Number of protein chains: 2
Amino acid sequence: MSLATRTRRTESRPALSRDRVLRAAIEIADEGGIAAVTMRRLAESLGAEAMSLYHHVANKEQVLDGVVDVIATEINEAVGRITLPTRGAAWQGAARERILTARRLLLRHRWAPAVFESRTTTSPAVLLYYDGLVGIMRDGGFSNDLAHRAMHALGSRALGFSQELFSPGDGPTTGEPDPVMAAMAARLPHLVGMLSEVMHVDPDATLGWCDEQAEFEFGLDLILDGLDRRR
Amino acid sequence: MSLATRTRRTESRPALSRDRVLRAAIEIADEGGIAAVTMRRLAESLGAEAMSLYHHVANKEQVLDGVVDVIATEINEAVGRITLPTRGAAWQGAARERILTARRLLLRHRWAPAVFESRTTTSPAVLLYYDGLVGIMRDGGFSNDLAHRAMHALGSRALGFSQELFSPGDGPTTGEPDPVMAAMAARLPHLVGMLSEVMHVDPDATLGWCDEQAEFEFGLDLILDGLDRRR
DNA sequence: CTTGACTGCCTTACGGCGTAAGTCTACCTT
DNA sequence: AAGGTAGACTTACGCCGTAAGGCAGTCAAG
């Protein structure tokens, strides 16, 4: 049987490779979230055994690093196709388009922002992405110092997402009103007032929890406008 | 021996409680990072067994939820002591002080931002914090709609941190120049130029990686100014 | 004073995880 | 043909979260 298995691999299964491992990881995460990516499941989805993966990646951390790199590379390819002027006042439109393009790609992988943020070393592809953004700012007349602060001010927004802390009404959306929350509401007058007025309930929240596209763009433009004024 | 152990508990060890469990978890995380918090280690640090914890918390997720709540409660106590005017144009100073106070407390627990962001349900204490911030904005003349957008624009900055994606020169800071990075540098002209000019190397990075206090405040003020202009 | 329920804690055990160590086999080089 | 090598597999270890059940101390009702 072990022989049979082995010859089957040789006959039909494409060889393992770092790239195939990473792409399989992305596929699994797309289906079951990042927690579903385990070395065993990853191997299984490739028709191999867990330990075989270690011939192509050093450990699981490197799988996650690689996944970030693959997605960031996709982003770089997409933003590389943007042809917008960047000189002078045009910088803002170019930066905006670049960031929203990155966001569009990240929207395909809802688990990705958390993984991007969990990496302690920055992927080369992400560095390339940032380099391009800094280049746009320099074209726009930013000093290196302002460009630096701008990157900090943007934070994860530079890559097209903002992790939201605030998720009113999440959970499995049971019909029954949570009594704890009801009691809580009395102590949250401003929040309750705000939400009751503002909740144009859009169930298609996107990246992060309540991180709707319009909200993302509002925050982004707020920052880009502020930067332009300091240019 | 099992009898001895048991009577020893009755004689000397303070009883377990949800609160003691959460405080022990914070202590362990402060020492060894959040990954060091396991149910077994947590129990051990309390002189108990892992399964005993389950009489006071439903599961590990609830431990993390509770930890966030404890820290957010501390923050609420601190910001509750702030006595600054909030009406009209004064809103900005009040909001700024509130946020920087939260930040000061979070700086004591460097692992905390990631845990705050990992929670899928928002802690009551965090909601209270947000409610206060929204209240300040309302006092400042914000519409509910603008206050809502403002909270989105601030994102995690509302609580005093911004997860930075960008960490030039992290890793175990080996003296030897990384040949991979050296080769990479040629393809990152803007980034390398910017950093060589800007790197007033401050080893006391604070929350996140490169998230220095001055950078945080720059980004925060950028947003607060932008909001004030739209008031 | 007994009894029986309750509470808080412990013991044992299970399945899953990442991965260290060692083995086998197909293939390439010489 | 001989020997080395790369890529896959097998086994096993020590963690993890937690399900299930048991046992001692407490305390109220009879």
Side-chain angles (χ1 to χ4, degrees), chain A residues 1-25 28-29 31-67 111 114-115 118-120, chain B residues 1-25 28-29 31-67 111 114-115 118-120:
Chain A
M1 172 264 176
S2 94
L3 184 90
T5 310
R6 278 185 187 145
T7 51
R8 195 158 59 81
R9 168 186 62 75
T10 307
E11 286 163 7
S12 63
R13 201 187 58 197
L16 251 40
S17 73
R18 181 183 152 88
D19 196 65
R20 288 196 65 226
V21 169
L22 299 182
R23 293 190 184 283
I28 292 173
E31 280 166 23
I34 195 63
V37 178
T38 71
M39 296 303 272
R40 287 172 221 264
R41 265 199 280 265
L42 193 45
E44 192 190 3
S45 86
L46 291 162
E49 298 298 318
M51 289 310 292
S52 304
L53 305 179
Y54 287 84
H55 284 278
H56 302 96
V57 293
N59 50 43
K60 191 181 179 180
E61 282 297 285
Q62 212 175 82
V63 172
L64 298 180
D65 287 345
V67 157
W111 45 271
V115 179
S118 75
R119 301 301 79 206
T120 54
Chain B
M1 173 251 162
S2 93
L3 183 91
T5 309
R6 280 187 183 140
T7 50
R8 194 156 62 79
R9 168 185 61 75
T10 308
E11 286 163 6
S12 63
R13 202 188 55 196
L16 251 40
S17 74
R18 182 183 152 87
D19 196 65
R20 288 196 65 227
V21 169
L22 299 182
R23 293 191 185 281
I28 293 173
E31 280 165 24
I34 195 63
V37 178
T38 71
M39 297 303 271
R40 287 172 221 262
R41 264 199 281 264
L42 194 44
E44 191 191 4
S45 86
L46 292 162
E49 298 298 320
M51 289 311 292
S52 303
L53 304 179
Y54 286 83
H55 284 275
H56 302 96
V57 292
N59 50 42
K60 189 180 179 182
E61 283 296 286
Q62 212 174 81
V63 172
L64 299 180
D65 287 345
V67 157
W111 46 270
V115 178
S118 75
R119 302 298 80 205
T120 55

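A, B, ... follow the sequence lines: proteins, then strands. Residue 1 opens every chain. Model, not experiment: these values are computed from the prediction.
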Give the rounded distance in Å between these two atoms: [atom1] of [X] and [atom2] of [N].
{"X": "Leu42(B)", "N": "dT18(D)", "atom1": "CG", "atom2": "P", "answer": "12 Å"}
{"X": "Glu44(A)", "N": "dG16(C)", "atom1": "CD", "atom2": "C1'", "answer": "13 Å"}
{"X": "Met51(B)", "N": "dA20(D)", "atom1": "CE", "atom2": "P", "answer": "10 Å"}
{"X": "Ile34(A)", "N": "dG18(C)", "atom1": "CD1", "atom2": "P", "answer": "11 Å"}
{"X": "Arg18(A)", "N": "dA6(D)", "atom1": "CZ", "atom2": "C1'", "answer": "18 Å"}
{"X": "Met39(A)", "N": "dG18(C)", "atom1": "CE", "atom2": "P", "answer": "7 Å"}

Taking N and O atoms by type only, does the side chain of Arg40(A) place a donor or acceptor under 3.5 Å from a partner on the base of dG16(C)?
-> no
OP1 or OP2 of dC16(D) less than 4.0 angstrom from a side-chain nitrogen or oxygen of Arg41(B), does that happen here?
-> yes
If every non-hydrogen atom of [X] is compared with every non-hydrogen atom of [Y], which pair is closest and at what distance?
{"X": "Arg20(A)", "Y": "Leu46(A)", "value": "NH2-CD2, 3.6 Å"}
{"X": "Val67(A)", "Y": "Ala25(A)", "value": "CG2-CB, 3.8 Å"}
{"X": "Ile34(B)", "Y": "Trp111(B)", "value": "CD1-CE3, 3.9 Å"}
{"X": "Val63(A)", "Y": "Leu42(A)", "value": "CG1-CD2, 4.1 Å"}

Are any side-chain N or O atoms of Arg119(A) and backbone N or O atoms of Leu64(A), one a donor and one an acceptor, separated by less than 3.5 Å?
-> no
Nucleotide nearest Glu49(B) when distance is taken to its side chain, options dT11(C), dC17(C), dG17(D) | dT11(C)
The correct set of residues in residues 52-67 of chain A placing a heavy atom under 4.0 Å from DNA chain C is Tyr54(A), Asn59(A), Lys60(A)
Under the salt bridge (Lys or Arg N to Asp or Glu O under 4.0 Å) rule, what pairs show up with a residue in residues 33-48 of chain B, not counting sequence neighbours?
-> none
